[in-house]
**Q** 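Let me begin by handing over the structure; questions about it come next.
Letters A, B, ... are given to chains in the order of the sequence lines, protein chains preceding strands, and every chain is numbered from 1. Just the heavy atoms: all of them, side chains too, but no hydrogens, waters or symmetry mates, feed the values below.
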2 protein chains.
Amino acid sequence: MATMTRVAPDTQTRILDIAERLVQKRGFNGFSYADIAVELKITTASLHYHFAGKAELGRALIARYSARFFEALAAIEARLPDADARLEAYANLYAAVLREKRLCLCGMLAAEYDTLPKAMRESVLRFFDENERWLARVLEAGRKAGSLDFGGPPEEAARAIVCGLEGAMLVARPYRDIVRFQSAAQQLIASFTAKAGP
Amino acid sequence: MATMTRVAPDTQTRILDIAERLVQKRGFNGFSYADIAVELKITTASLHYHFAGKAELGRALIARYSARFFEALAAIEARLPDADARLEAYANLYAAVLREKRLCLCGMLAAEYDTLPKAMRESVLRFFDENERWLARVLEAGRKAGSLDFGGPPEEAARAIVCGLEGAMLVARPYRDIVRFQSAAQQLIASFTAKAGP
DNA sequence: GTCTATAGGCAGATAGAC
DNA sequence: GTCTATCTGCCTATAGAC
């Protein structure tokens, strides 16, 4: 069992925390080592001790972000048995990010994809892939159980959900309007939910 | 009546053409005056004669892109009387952009919103606003005519469509997979289309 | 691990000649 | 309109001391 002790985060972790926020808010091309250094009150030279270059830092960011996200998905499965509740919880993961006025890390990197170091590109796509696989399983199970209703293969439905939620974040964020996101997300999920009735 | 004569584009237009492509592919923070200068075979100093700074260039890009987009919307209305056909044509505008491996200009700028010169921000939001207004009118008319079917106010449905299409471009582009976009767009539109039936 | 110092490059921008 | 020349600033990155 994990202990409850919270130790102060080490330098590597703090670098990742700051860099993650900067990428999600300003993009990978919108921040510099200097931004991190100022906030952490160390020099840019010291940053290079922890991460050889921006590309390596970027790779580490995606790896940590993905790992945490997939842990959150596992937690949803452990906590909620129903497919429709799982879908709602999934959308709430996105909402929580938006509430901090951030974009999904990989959504932001998708926009900047053409300018990313090669080492980062593949792992951005794998993030989406794994999201879609998880959603497809949820959707398939929900359809079998009768709580969800949609036509076509669950993989395609899963892709539409990822697209819809990423897009809702992208558009809602500059308006600073969480309601805009919630509305789009709710309509999206509703279009996969079985209608009660005759 | 407009003449059929195509004159060679002037320098301003060529600058805008190149810059537009660069922003849609690489982002506003992902290209420089030097990139344009090389391609146009003039110096960066000359660029400053046509556009005082990058912010002014950015403003001009949004203005031209928006104007053309709204012209395209007017053309759809002139050509297609049915709401469901108009929706499909609307999605095809996005698909045409994606086919050139570009993101929507304002979708890209939405991702970079926090780093944009102030002069550019407002016009990005106005682009989305006007898209939503147009869609809301189409949706409302379609519901009255019976070709479309959805619950809630047309303004909210319109927002969900903009979000869904922007997101589908964002995610599909790094995969270089137009089918991924088409699938998401089709599901989205289908969720607003009246079902034929008993 | 963190620092100072510095390299080398690229960014956006301007002055002034033609 | 376009050029050369130049500026200032920021960027990533490295060498080497502590």
**Q** Rounded to the nearest Å, what distance is computed from the CZ atom of residue F51(A) to the C1' atom of nucleotide dT14(D)?
**A**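 Answer to the nearest Å: 19 Å.
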**Q** Quick one: L57(A) CG to dA13(D) P, roughly how many Å, whole number?
**A**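 Distance check: L57(A) CG to dA13(D) P gives 10 Å.
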**Q** From CG of D10(A) over to P of dG1(C), roughly how many Å is that when rounded to an integer?
**A**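 To the nearest whole Å, that distance equals 8 Å.
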**Q** Can you tell me how far C1' of dC10(D) sits from NZ of K54(A), to the nearest Å?
**A**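 In whole Å, dC10(D) C1' and K54(A) NZ are 12 Å from each other.
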**Q** May I ask you to check if K54(B) and F31(B) form a cation-pi contact, with NZ or CZ under 6.0 angstrom from the six-membered ring centre and within 45° of the axis?
**A**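 The answer is yes; both the distance and angle limits are met.
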**Q** Atom CG of N29(B) and atom P of dG12(C): how far apart are they, to the nearest Å?
**A**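 Taking CG of N29(B) and P of dG12(C), I get 10 Å after rounding.
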**Q** For Y175(A), check ring pair (Phe, Tyr, Trp, His ring centres under 6.0 Å) against everything at least two apart and list the hits.
**A**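 Partners of Y175(A) by the ring pair (Phe, Tyr, Trp, His ring centres under 6.0 Å) criterion come out as none, since no residue qualifies.
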**Q** In whole angstrom, give the distance that lies between atom OH of Y33(B) and atom P of dT6(D).
**A**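 Interatomic distance, OH of Y33(B) to P of dT6(D): 23 Å.
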**Q** Classify the angle between the aromatic ring planes of F69(A) and F127(A) as parallel (below 30°), tilted (30 to 60°) or perpendicular (above 60°).
**A**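 The rings of F69(A) and F127(A) stand perpendicular, inter-plane angle above 60°.
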**Q** Under 3.5 Å between N/O atoms: give me all the protein pairs with nucleotides 2-4 of chain D, atom names plus distance.
**A**
from   : atom 1 : to     : atom 2 : distance (Å)
dT2(D) : OP2    : H50(B) : NE2    : 2.8
dC3(D) : OP2    : T43(B) : N      : 2.7
dC3(D) : OP2    : T43(B) : OG1    : 3.2
dC3(D) : OP2    : S46(B) : OG     : 2.9

**Q** Can you tell me how far C1' of dT12(D) sits from CZ of F28(A), to the nearest Å?
**A**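 The distance from CZ of F28(A) to C1' of dT12(D) comes to 11 Å, rounded to the nearest Å.
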**Q** Roughly how many Å is it from CD1 in I36(B) to P in dA13(C), rounded to a whole number?
**A**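 Whole-Å distance recorded here is 11 Å.
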**Q** Would you say the side chain of R133(A) lies within less than 4.5 Å of the side chain of E155(A), judging by non-hydrogen atoms?
**A**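 Contact flag for E155(A)/R133(A) side chains = no.
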**Q** Contact between T193(A) and D149(A) at the side-chain level, heavy atoms closer than 4.5 Å - yes or no?
**A**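 Side-chain contact under 4.5 Å: no.
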**Q** I'd like to know if the side chain of Q24(B) and the backbone of L103(B) have a donor-acceptor N/O pair within less than 3.5 Å.
**A**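 Here the side-chain-to-backbone pair exists.
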